[in-house]
Amino acid sequence: MKVLVTGGAGYIGSHTVYLLIEQGHDVVVVDNLVTGHKQDVHPDAKFYYGNIGDYPLMVDILRKEKVDGLIHFAAYSLVGESMSQPFKYYENNVSATNVMLAAMAECGVKQLVFSSTAATYGDVNVPLITEEMPTHPTNPYGQTKLAMEQMIAWHGQAYGMRHVAFRYFNVAGAHSSGRIYEKHDPETHLIPLVLEVAAGVRKQIYIFGDDYATPDGTCIRDYIHVMDLAVAHVKAMNYLIDGGKSMTFNLGNGEGFSVRQVIEAAQKVTGREILTHVSDRRQGDPAKLIASSLLATETLNWIPQYPSIEAIIESAWKAAY
Ligand code: UDP
């Protein structure tokens with residue numbers, strides 16, 4: 001198949017591009033390199049520099065490349081930043097995706113795999129989150145991703161496009177080659193930051209609040225390996241090409257780890273001491289998010305290959321240091 005990957009120079013996008021190419025597919029990438037890295041784009045992918053909100057560019061690419069479908073990663077994705085700069089999130093995530101969808105309609109592209117997030121759920125206090133739970137995002141990042149899901153669904157209804165939306169839980173880890181891995185500037189995610197402390201790049205890790213209603217007081221998240229996510233995207237595109245109907249799936253491991261447990265696991269994996277300092281809660285953070293991914297397993301035959309937190313952290317550690 002031939003796929004256009006938006007945000008293919010970003011963390012999850014670049015790993016998905018590697019997998020697509022390893023499996024023999026043709027890949028076209030469009031990325032504005034605001035948060036992505038050109039050197040992370042697989043050399044065999046065709047690269048277009050630009051913005052998905054640029055209608056003439058998107059129509060031009062889609063007319064030329066005649067892809068079977070799009071995998072749409074391009075978006076801003078930081079909870080904290082979205083709280084202080086909501087405008088940036090509405091513009092880049094919602095408005096730009098709207099333009100991209102219009103270009104898809106113009107060019108008759110009928111299949112879309114969309115990178116959504118568990119942040120669409122908000123603060124749901126249940127042991128396992130299933131896809132039919134109510135969605136009440138607690139930050140503009142989650143709110144814009146939910147709006148994108150809804151836009152995509154309405155667009156699909158109007159233009160006969162089918163889609164899969166993936167609500168990711170907390171992604172970490174790297175490609176086994178070590179050639180690509182998570183690198184954000186500035187880095188805000190827990191696992192890469194903890195590893196920076198282990199590597200001596202950073203003095204300590206700030207724990208954002210230890211007064212949550214969880215066993216050790218720190219936030220609980222469900223961590224999933226980036227290559228497990230990549231596999232799900234390729235399976236979803238095949239599912240759509242085979243005529244599958246539009247669906248929304250959670251992607252997680254079904255097990256939660258607190259911030260303190262992640263730090264302990266990282267100490268074990270790296271053999272280094274990791275200094276911590278408890279600071280204020282980060283605005284917009286729900287206490288606990290754990291996925292039920294049963295629907296993805298049943299529908300797409302998707303089974304995570306990195307179920308252990310140590311294996312996920314080890315993969316990130318080996319690639320980055
Ligand atoms: N976190 C933390 N210190 C940090 C970065 C993150 O305590 O320096 C916490 C954060 O509050 C959340 C969890 O770690 O509970 C995962 O945060 P991350 O930013 O990695 O992912 P998110 O849950 O925002 O998608």
Side-chain angles (χ1 to χ4, degrees), residues 10-12 35 73 75-86 89 93 115-125 129 135 137-146 166-174 181-199 201-226 228-229 250-253 255-267 274-291 309 312-313 315-317 320:
Y11 173 39
I12 308 171
T35 56
F73 293 103
Y76 289 143
S77 62
L78 302 178
V79 168
E81 182 186 67
S82 80
M83 294 295 283
S84 56
Q85 300 177 62
Y89 280 70
N93 294 1
S115 143
S116 188
T117 169
T120 51
Y121 291 110
D123 222 337
V124 272
N125 201 8
I129 299 173
T135 43
T138 54
N139 53 65
Y141 166 58
Q143 191 73 59
T144 55
K145 284 280 177 164
L146 184 60
F166 282 128
R167 292 178 177 163
Y168 313 150
F169 284 62
N170 286 61
V171 56
Y181 53 91
E182 183 168 16
K183 36 182 151 9
H184 298 107
D185 187 20
E187 188 52 77
T188 65
H189 292 106
L190 182 64
I191 290 180
L193 285 177
V194 165
L195 294 179
E196 283 187 13
V197 180
V201 177
R202 192 175 285 266
K203 232 177 92 201
Q204 57 192 352
I205 182 80
Y206 290 93
I207 296 176
F208 297 151
D210 66 352
D211 58 350
Y212 285 94
T214 61
D216 68 15
T218 66
C219 287
I220 293 177
R221 295 287 183 273
D222 179 340
Y223 293 87
I224 181 81
H225 196 279
V226 66
D228 282 328
L229 289 192
N250 288 339
L251 294 179
N253 264 313
E255 205 181 339
F257 293 92
S258 71
V259 174
R260 283 201 188 281
Q261 285 175 316
V262 168
I263 296 167
E264 272 162 35
Q267 290 194 140
I274 296 167
L275 270 184
T276 61
H277 180 87
V278 177
S279 62
D280 289 344
R281 287 183 177 199
R282 184 174 66 181
Q283 257 195 314
D285 262 346
K288 181 173 134 189
L289 292 170
I290 308 174
I309 188 74
I312 294 173
I313 293 173
S315 141
W317 176 244

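Note that ligands are numbered from 1 as they come in the structure, with each ligand's atoms numbered from 1 the same way. Computed from a predicted structure; not experimentally measured.
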Visitor: Who's the nearest protein heavy-atom neighbour of atom 9 (C) of ligand 1, and how far?
Guide: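 I find the closest protein heavy atom is Val259 CG2, 3.8 Å.
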Visitor: Within ligand 1, which atoms have a heavy atom of Cys219 less than 4.0 Å away?
Guide: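 Listed by number with element, the hits are 15 (O).
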Visitor: Does any N or O atom in His189 lie less than 3.5 angstrom from one in ligand 1, N or O only?
Guide: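 In fact, backbone or side chain, His189 has no N or O that close.
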Visitor: Answer yes or no: does atom CD of Gln204 have more than 12 heavy-atom neighbours from other residues, nucleotides or ligands under 6.0 Å?
Guide: yes
Visitor: Using side-chain heavy atoms (C-beta onward) and a distance below 4.5 Å, is Arg281 in contact with Asp211?
Guide: yes
Visitor: Which bit of Arg221 is near ligand 1, meaning a heavy atom under 4.0 Å away: side chain, backbone, both or neither?
Guide: side chain
Visitor: Would you please determine whether Tyr223 falls within less than 4.0 Å of ligand 1 on a heavy-atom basis?
Guide: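 Right, Tyr223 reaches ligand 1.
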Visitor: May I ask you to identify, for Phe208, whether its side chain, its backbone, both or neither come under 4.0 Å of ligand 1 on a heavy-atom basis?
Guide: both
Visitor: Which ligand 1 atoms does Tyr206 reach within 4.0 Å, using its non-hydrogen atoms?
Guide: 2 (C), 3 (N), 4 (C), 7 (O), 8 (O)
Visitor: How does Thr218 reach ligand 1, if at all, at less than 4.0 Å between non-hydrogen atoms: by side chain, backbone, both, or neither?
Guide: neither
Visitor: State the atoms of ligand 1, each with its element, that fall below the 4.0 Å cut-off from a heavy-atom position in Ile205.
Guide: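 Matching atoms, with element in brackets: 8 (O).
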Visitor: At under 4.0 Å between heavy atoms, is it the side chain or the backbone of Arg282 that contacts ligand 1, or both, or neither?
Guide: side chain
Visitor: Should you measure from each heavy atom of Asp285, which atoms of ligand 1 turn up under 4.0 Å away?
Guide: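 Those qualifying, in numeric order: 10 (C), 11 (O), 12 (C), 15 (O).
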Visitor: Tell me whether Leu190 has any N or O atom under 3.5 angstrom from an N or O of ligand 1.
Guide: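 So ligand 1 has an N or O lying under 3.5 Å from an N or O of Leu190.
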Visitor: Using side-chain heavy atoms (C-beta onward) and a distance below 4.5 Å, is Ser258 in contact with Thr214?
Guide: no
Visitor: Select one of side chain, backbone, both or neither to describe which atoms of Thr117 lie under 4.0 Å from any atom of ligand 1, heavy atoms only.
Guide: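 It is neither part, as no heavy atom is under 4.0 Å.
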Visitor: Could you tell me whether the side chain of Phe208 reaches within less than 4.5 Å of the side chain of Ser279, counting heavy atoms only?
Guide: yes
Visitor: Can you check whether Arg221 reaches Pro286 side chain to side chain, under 4.5 Å on heavy atoms?
Guide: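 In contact.
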Visitor: Below 30° counts as parallel, above 60° as perpendicular, anything between as tilted: where do the rings of Tyr89 and Tyr76 land?
Guide: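 It falls in the tilted class, 30° to 60°.
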Visitor: For His184, does its backbone N or O pair with a side-chain atom of Glu187 as donor and acceptor, under 3.5 Å?
Guide: yes
Visitor: Judged by atom type as modelled, is there a donor-acceptor pair below 3.5 Å linking the side chain of Lys145 to the main-chain atoms of Ser115?
Guide: yes
Visitor: Could you tell me which atoms of ligand 1, counted from 1 in the order shown, lie closer than 4.0 angstrom to a heavy atom of Ile207?
Guide: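 That gives atoms 7 (O) of ligand 1.
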Visitor: State the atoms of ligand 1, each with its element, that fall below the 4.0 Å cut-off from a heavy-atom position in Thr188.
Guide: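 Per the distance check, 5 (C), 19 (O).
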Visitor: With a 4.5 Å cut-off on side-chain heavy atoms, are Tyr141 and Glu81 touching?
Guide: no
Visitor: Is a side-chain N or O of Ser315 found less than 3.5 angstrom from the main chain of Ala174, in a donor-acceptor match?
Guide: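 Answer holds: yes.
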Visitor: Determine whether a donor-acceptor pair (N or O, by modelled atom type, separation under 3.5 Å) exists between the side chain of Thr138 and the backbone of Gly122.
Guide: no
Visitor: Enumerate the atoms of ligand 1 whose separation from the nearest heavy atom of Leu193 is less than 4.0 angstrom.
Guide: 8 (O)
Visitor: Near Asn170, which atoms of ligand 1 are under 4.0 Å from a heavy atom of that residue?
Guide: 16 (C), 21 (O), 22 (P), 23 (O), 25 (O)
